[in-house]
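Values in this document were obtained by computation on a predicted structure and should not be read as measured data. The sequence lines fix the lettering, A, B, ..., with proteins before strands; numbering per chain opens at 1.
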Amino acid sequence: MNKIRVRFAPSPTGGLHLGGVRTVLFNYLFAKKHGGDFILRIEDTDQSRFVPGAEQYIFDCLAWCGLVPDESPVHGGPYGPYRQSERKEIYRTYAEQLVSEGHAYYAFDTTEELDAMRERLKEAGSQSLQYDHHIRMRMNNSLRLHPEETKALLDAGTPYVIRIKVDANETISFRDMIRGELEFDSSRVDDKVLLKADGMPTYHLAVVVDDHLMKISHAFRGEEWLPSAPVHILLWKYLFGLDAMPQWAHFPLILKPDGNGKLSKRDGDRLGFPVFALDWKDPVSGDITRGFKEIGFLCEAFVNLLAVLGWNNGTEQEVFTVEELINQFSIERVHKGGAKFDYEKAKWFNHQWIQKLPVSAYTSQVLEILKDKNVSVSGSYLQQVLDLIKDRCTLLSDFWDQGFFFFESPIAYDEASVKPKWDTGKNNYFDTLMNRYATTALWYQDEIEKVFKELAMEQQIKVGELQMIFRVMLVGSKTGPGVFAIANTIGQEETIKRIQNALLVFG
RNA sequence: GCCGCGUUGGUCAAGGGGUUAAGACGCCUCCCUUUCACGGAGGAAUCACGGGUUCGAAUCCCGUACGUGGUACCA
């Protein structure tokens, strides 16, 4: 058996969204599981849609996810170039070969003529508006024209495209690793353009040629490609033989959470969640679309949640490391039906990974968040804080909301909770507590709590109420981890200072 | 319109002729915590519909409905 080789072939037209990254992931997992190669090929054949920076962005996304290609325009490899625009001349050769073998033809129809043709078909009540065997003999192409006419047109430099000639009444069948045997009636397949007037190939020609030249063994892509698969099968048959054809699999779509349809960037904006892996800045409008990374996702969680969107291993396991995924992945267990994206579940995965990983794994990322808040702390102090509050964090950005009071004194107090409980007794208690804490020799959690409770007992005040007030003094609100753990972490001096500050407000 | 693909709780889903139809997210209740979370224990909620085949159908077959993708010199 030949070496397993798979490819992901995006076009650099904008941000890389969930569905794209999942396609990468499934390709990657399949390759790694079988000791194969994962190739990244840039499909930049549509010059009108080229977006500067989009290619680099794709590499950045892959790098963040840890899905590094074995071969690509930047990683190199023996089958380059890996950018289709740099392979332009290769495709023409194959297109011409198809023409000379009678499987394709030159078509000189202008855009206007094409529009007129569709208009006529529509008026005639035709159910299909395709350029196919029904109408091709009425169009301006080398099938209908005399060879001399065609030659004259060609010699005159008339713009033309090359179209595949799909014969009617043939059954085109192939096996999809996810969906099983699939059959199409060639009569319904149109004469797709293979080579455009600008000399660039369309996707249809380019995938087949490149998959062959790059020795791709398994061709996986999104379900949106299923309807054009017959064209690709035909091309394989005419060009390289069906025996050489890779095995196919078409992944289900990722759908929007509400309503219906394919998940798009717009849905994320509308519903308030990211759909891109990384922040994407539109080079024209300058608009920034937030990415999973910047919103506070760990790459481990992102990969994990994508993996189980349309795949599972048949057990109850949901949290997987990449190694586990590589080990257990199988195309056959990928679903046929599309899945609606659920952001709540996505966040749950991130929470799981924040708990699963040692805090040292993301300390530096939290440090970045703190830097934005103009807070600088030592790594060891931060690590201590992180361990205390990670349970309550779903996104990395939550570490600020859940732990800001470890880095700065409260600026406002939940007075509504404290006022009703406040009296001279409480005032006296905290005044004394301050002094006791000032003389506490060993500052650690149990001791802090012991001093606190002993004083409460002496003054015969209920500990519960005092604890709540103490918490508000240290934090500003009634939230956070154990109050004595907080006091222990922020330290003796700071604890006393905060009591003092609060006394000024409540007293 | 035509062609393709799909359809198990609100969502992700296991199960592929006999099950009390797993589990997870979310939701609700309770416990824990004199805070808020986390955690723990429960709960509500499902085989799209109609016909077959079969002793028996979520599971196999056929229709229908619904959804979705394609129908470009875009990928």
Does NZ or CZ of Lys356(A) come closer than 6.0 Å to the centre of the six-membered ring of Trp353(A), within 45° of the ring's axis? yes
To the nearest angstrom, how far is Trp353(A) atom CH2 from C25(B) atom C1'? 18 Å
Ala168(A): what forms a side chain to side chain contact (heavy atoms under 4.5 Å, CB included) with it, not counting sequence neighbours? His133(A), Ser187(A)
Please work out if His250(A) contacts a base, only the sugar-phosphate, or nothing of the nucleic acid, heavy-atom cut-off 4.0 Å. nothing
Give the B/S/- string for nucleotides 69-75 of chain B, one per nucleotide from 5' to 3', where a protein heavy atom under 4.0 Å of the base yields B, of only the sugar-phosphate yields S, and otherwise -. BSSSBBB
Euclidean distance, atom NZ of residue Lys347(A) to atom C1' of C27(B) [Å, nearest integer]: 15 Å
Residue from Thr202(A), Asp210(A), Thr45(A) passing side chain to side chain donor-acceptor pair (under 3.5 Å) with Tyr91(A): Asp210(A)
Could you state the NE2-P distance from His134(A) to C3(B), rounded to the nearest angstrom? 11 Å
Nearest whole Å is fine: how far is G4(B) P from Ile233(A) CD1? 16 Å
Starting from P on C38(B), measure out to CD on Gln352(A) and report it in whole angstrom. 11 Å
Expressed as a whole number of Å, how far does the C1' atom of C66(B) sit from that of C27(B)? 26 Å
Between G9(B) and U46(B) - C1' atom distance, rounded Å: 4 Å
U8(B) and A22(B): how far apart are their C1' atoms, nearest whole angstrom? 12 Å
Quickly work out the Asp176(A) CG to C5(B) P distance and round it to whole Å. 10 Å
Between G51(B) and A41(B), how many Å separate the two C1' atoms, rounded to a whole number? 45 Å
Under 4.0 Å between a side-chain N or O of Asn312(A) and OP1 or OP2 of A13(B)? no
So, is the end of the Arg7(A) side chain (NZ or CZ) under 6.0 Å from the ring centre of Phe38(A) and within 45° of the ring's axis? no
Inter-residue atom distance Leu98(A).CG - Lys165(A).NZ, 0.5 Å rounding: 12.0 Å
Just verifying a value: how many Å separate Tyr82(A) OH and Arg87(A) CZ, rounded to the nearest 0.5 Å? 8.5 Å
Residue Asp342(A), side-chain atoms from C-beta onward, closest of G10(B), G1(B), A14(B): G10(B)
Could you list, one pair per line, each protein nitrogen or oxygen that sits under 3.5 Å from a nitrogen or oxygen of nucleotides 62-64 of chain B, together with the distance?
none

For Met468(A), is there any backbone N or O sitting under 3.5 Å from a side-chain donor or acceptor partner on Lys478(A)? no
Taking G26(B) as the reference, what is the distance to A13(B) when you measure between their C1' atoms (whole Å, please)? 14 Å
Dot-bracket for RNA chain B, 5' to 3', with Watson-Crick and G-U pairs under 3.5 Å, [ ] for crossing pairs and | for other-strand pairs: what is it? (((((((..(((.....[....))).(((((.......)))))....(((((..]....))))))))))))....
Residue set satisfying salt bridge (Lys or Arg N to Asp or Glu O under 4.0 Å) with Arg266(A), at least two apart, ordered chain then number -> none
State which residues pass side chain to side chain contact (heavy atoms under 4.5 Å, CB included) with Leu455(A); sequence neighbours excluded, sorted by chain then number. Tyr429(A), Thr432(A), Leu433(A), Arg436(A), Glu458(A), Gln459(A)
Counting the atoms with a prime plus P, OP1 and OP2 as sugar-phosphate, which does Gly310(A) contact under 4.0 Å by heavy atoms, base, sugar-phosphate, or nothing? sugar-phosphate
Those residues at least two apart in sequence (or on a different chain) that pass ring-ring contact (aromatic ring centres under 6.0 Å, His included) with Tyr106(A) are Tyr160(A)
Going by an N to O cut-off under 4.0 Å, is there a salt bridge joining Arg120(A) and Glu123(A)? no
Report the distance from atom NZ of Lys336(A) to atom C1' of A13(B), rounded to the nearest whole Å. 14 Å
What integer number of Å spans the P atoms of A24(B) and G39(B)? 12 Å
Students often get this wrong, so: under 4.0 angstrom with heavy atoms, is Phe349(A) touching a base, only sugar-phosphate, or nothing? nothing
Upstream residue (5' side of RNA chain B) when Glu181(A) and Trp311(A) are each assigned their closest nucleotide: Glu181(A)
Mind running ring-ring contact (aromatic ring centres under 6.0 Å, His included) on Trp311(A) and Phe329(A) for me, showing each step along the way? CA-CA 8 Å; Trp311(A) 173 86; Phe329(A) 186 73; 5.7 Å; yes
Within residues 468-488 of chain A, residues whose heavy atoms come under 4.0 Å of RNA chain B: Arg471(A), Lys478(A), Thr479(A), Gly480(A), Pro481(A), Gly482(A)
Residues which pass side chain to side chain contact (heavy atoms under 4.5 Å, CB included) with Gln402(A), listed by chain and number, not counting sequence neighbours: Ile389(A), Arg392(A), Cys393(A), Asp398(A)
Option among Phe406(A), Tyr362(A), Phe407(A), Phe404(A) that satisfies the ring-ring contact (aromatic ring centres under 6.0 Å, His included) test with Phe399(A): Tyr362(A)
Of the listed U11(B), G15(B), C2(B), the closest approach to the Gln127(A) side chain comes from C2(B)
Atom NZ of residue position Lys421(A) - does it have more than 12 heavy atoms of other residues, nucleotides or ligands inside 6.0 Å? no
Taking atom C1' in both U11(B) and U35(B), compute the distance separating them and give it to the nearest angstrom. 32 Å
Dump the pairs, protein N or O against N or O of nucleotides 20-24 of chain B, anything under 3.5 Å, distances to one decimal.
residue	atom	partner	partner atom	Å
A24(B)	O4'	Glu318(A)	OE1	3.1
A24(B)	O2'	Glu318(A)	OE1	2.6
A24(B)	O2'	Lys345(A)	NZ	2.7
A24(B)	N3	Lys345(A)	NZ	3.1

With sequence neighbours left out, write down each residue that passes side chain to side chain contact (heavy atoms under 4.5 Å, CB included) with Glu324(A), or none if nothing qualifies. Gln317(A), Phe320(A), Thr321(A), Gln328(A)
Most 5' of Arg179(A) and Asp391(A) on RNA chain B, judged by nearest nucleotide: Arg179(A)
Taking ring-ring contact (aromatic ring centres under 6.0 Å, His included) as the definition, give me every residue that meets it alongside Tyr105(A), ordered by chain and number, with sequence neighbours left out. none
Can you tell me the distance, in whole Å, between the CG atom of Leu395(A) and the P atom of C38(B)? 14 Å
Hey, are the side chains of Asp211(A) and Trp236(A) touching, using non-hydrogen atoms and a 4.5 Å cut-off? yes
Work out how far the P atom of G1(B) is from that of U64(B), and round it to whole angstrom. 14 Å
